[in-house]
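Chain identifiers are assigned alphabetically (A, B, ...) following the order of the sequence lines, protein sequences preceding nucleic acid strands; residue numbering begins at 1 within each chain. All heavy atoms count here, side chains included; hydrogens, waters and symmetry mates do not.
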There are 2 protein chains.
Amino acid sequence: MGVEKLNASFFYLLERAIKTYRQMAQRTISEEYGAITIDQLLVLQAMKDQPELTQQQIAVVVFKDYASITRIIDLLVRKGFLHRSGHPTDRRRFELRLTQEAEDLLQQVHPRILKNRKIALDGITEEEILIARKVLAKISENCG
Amino acid sequence: MGVEKLNASFFYLLERAIKTYRQMAQRTISEEYGAITIDQLLVLQAMKDQPELTQQQIAVVVFKDYASITRIIDLLVRKGFLHRSGHPTDRRRFELRLTQEAEDLLQQVHPRILKNRKIALDGITEEEILIARKVLAKISENCG
DNA sequence: ATCATAATATTGATATATCAAATAATGACT
DNA sequence: AGTCATTATTTGATATATCAATATTATGAT
């Protein structure tokens, strides 16, 4: 194959890998835990790990747009996974707390997420993963 | 790092790479060619390469849902990039032809796409790309 | 030829991505 | 204190992802 075709099919493989992984992950989570999306879980997890983050900082951490975060948080509040109240010193902001339900859900889901990652990477050596990591990091750097 | 953290950050890098690449690609295309999305270009290119494909087959080729293809084609027709007429033998289907505008656009955009891929993969050796390809293909296989 | 089933495409509902514009509050400067 | 730029978030518009339901046509078995 020429370089151009190799490059083209690389991005094809990249799209395909992320899509099949996301589909598998969403399917297993939905089956076991019902109506929650991977993205919503990501946001919850980020807020649990670093409770002091602003919405904007959450957006950066999970690679999402501010607008998307607003809407995801909205849904999480409506679903009873987040409690939203005014921020004590900055009235543009909000104080967001995970509800007990959210804490429980995250704890239950966690092993499934680990398992999914393991399934996806099964049969790949550590060295191959290291090289792939390097490639992916370089792509972000090149495109950023 | 433990295996679990390594795995987690691998998927983080994967998400980040595809997002930054897509953003870069969309930005450069929009700047140079205006209101067309990467996904719309993908569909047009697939139809140009294999004009006899059904919409469902297009969906498979570009990794999209049937519903998404319906809507993307709808947009492309409205934008004047596709001409849609009844299929001669199967009345469930349609015959879709690229307009001259679409042909011209694809031809103009092509070098930019090649360039974007080259930019994204700059500084990565062929061997690293080969290994990354292998990893990505294995992930799809594992999740499929 | 009929009828059940399969295939093709569309539509509806909800979630997310993206950009631009709008709100609202804060902080800095005079 | 009052003006102004900046910051934090929201909203609107459009595109895409996904799943379920629907409509229409084609096909195969009888």
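Enclosure of atom CD in Glu127(B) is not indicated, since only 12 or fewer non-hydrogen atoms of other residues, nucleotides or ligands lie within 6.0 angstrom. The number of heavy-atom neighbours closer than 6.0 Å to NE2 of His87(B), taken from other residues, nucleotides and ligands shown, is above 12. Within a 6.0 Å sphere centred on NZ of Lys19(B), heavy atoms belonging to other residues, nucleotides or ligands number more than 12.
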Between side-chain atoms of residues 68-81 of chain B and protein atoms elsewhere (two or more places apart, or another chain), which donor-acceptor pairs fall under 3.5 Å?
unit_1: Thr70(B); atom_1: OG1; unit_2: Tyr66(B); atom_2: O; d: 3.3
unit_1: Lys79(B); atom_1: NZ; unit_2: Ala35(B); atom_2: O; d: 2.9
unit_1: Lys79(B); atom_1: NZ; unit_2: Gln40(B); atom_2: OE1; d: 2.9

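A straight line from CD of Glu95(A) to C1' of dT9(D) spans 16 Å, rounded to a whole angstrom. Taking atom CD of Glu31(B) as the reference point, atom P of dT18(C) lies 16 Å away to the nearest angstrom. The distance from atom NE2 of His87(B) to atom P of dA26(D) is 10 Å, rounded to the nearest whole Å. A straight line from CD of Gln55(A) to C1' of dT10(D) spans 9 Å, rounded to a whole angstrom. When the P atom of dT8(C) is taken as reference, atom CG of Leu53(B) falls 12 Å away, rounded to whole Å.
Residue Thr54(A) has its side chain nearest to dT9(D) when only dA9(C), dT25(D), dT9(D) are considered. Picking from dA25(C), dT25(D), dT10(D) the nucleotide with the shortest atom distance to the side chain of Asp90(A) gives dA25(C).
Put simply, Val109(A) and Met24(A) are part of two different groups of oily side chains (I, L, V, M, F, W, Y) that touch within less than 4.5 Å, one to the next. Note on Ile18(A): it clusters hydrophobically with Ile124(A), by side-chain heavy-atom contacts below 4.5 Å among ILVMFWY residues.
Contacts of residues 137-144 of chain A with DNA chain D (heavy atom under 4.0 Å): none. Looking at residues 36-45 of chain A, you'll see Thr37(A), Asp39(A), Gln40(A) sit with a heavy atom under 4.0 Å from some atom of DNA chain C. Contacts between residues 65-84 of chain A and DNA chain C, defined by a heavy-atom separation below 4.0 Å, involve Asp65(A), Ala67(A), Ser68(A), Arg71(A), Ile72(A), Leu75(A), listed by number. Against DNA chain D, the stretch residues 16-28 of chain A makes heavy-atom approaches under 4.0 Å through Lys19(A), Gln23(A).
Ring planes of Phe63(A) and Tyr12(B): tilted class, angle from 30 to 60°.
In this structure, Glu95(A) does not pair ionically with Arg84(A), as no charged nitrogen and carboxylate oxygen lie closer than 4.0 Å. The pair Arg22(A)-Glu15(B) counts as a salt bridge, with a side-chain nitrogen and a carboxylate oxygen less than 4.0 angstrom apart.
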Could you go over nucleotides 1-7 of chain C and give all protein N or O partners under 3.5 Å, atom names and distances?
unit_1: dA7(C); atom_1: N3; unit_2: Arg92(B); atom_2: NH1; d: 2.9

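Side-chain atoms of Ile139(B) and Leu121(A), non-hydrogen and from C-beta on, do get closer than 4.5 Å to each other.
Under 4.0 angstrom from either OP1 or OP2 of dA17(C) there lies at least one side-chain N or O belonging to Lys64(A). For Gln57(B), no side-chain nitrogen or oxygen approaches OP1 or OP2 of dT8(C) to under 4.0 Å.
The closest side-chain donor-acceptor pair between Ser85(A) and Arg97(A), if any, does not fall under 3.5 angstrom. If you check the side chains of Gln108(A) and Asp104(A), you find no donor sitting under 3.5 Å from an acceptor. No side-chain donor from either of Arg93(B) and Thr54(B) sits under 3.5 Å from a side-chain acceptor of the other.
Using a 4.0 Å heavy-atom distance criterion, Ser30(B) is classed as making no nucleic acid contact.
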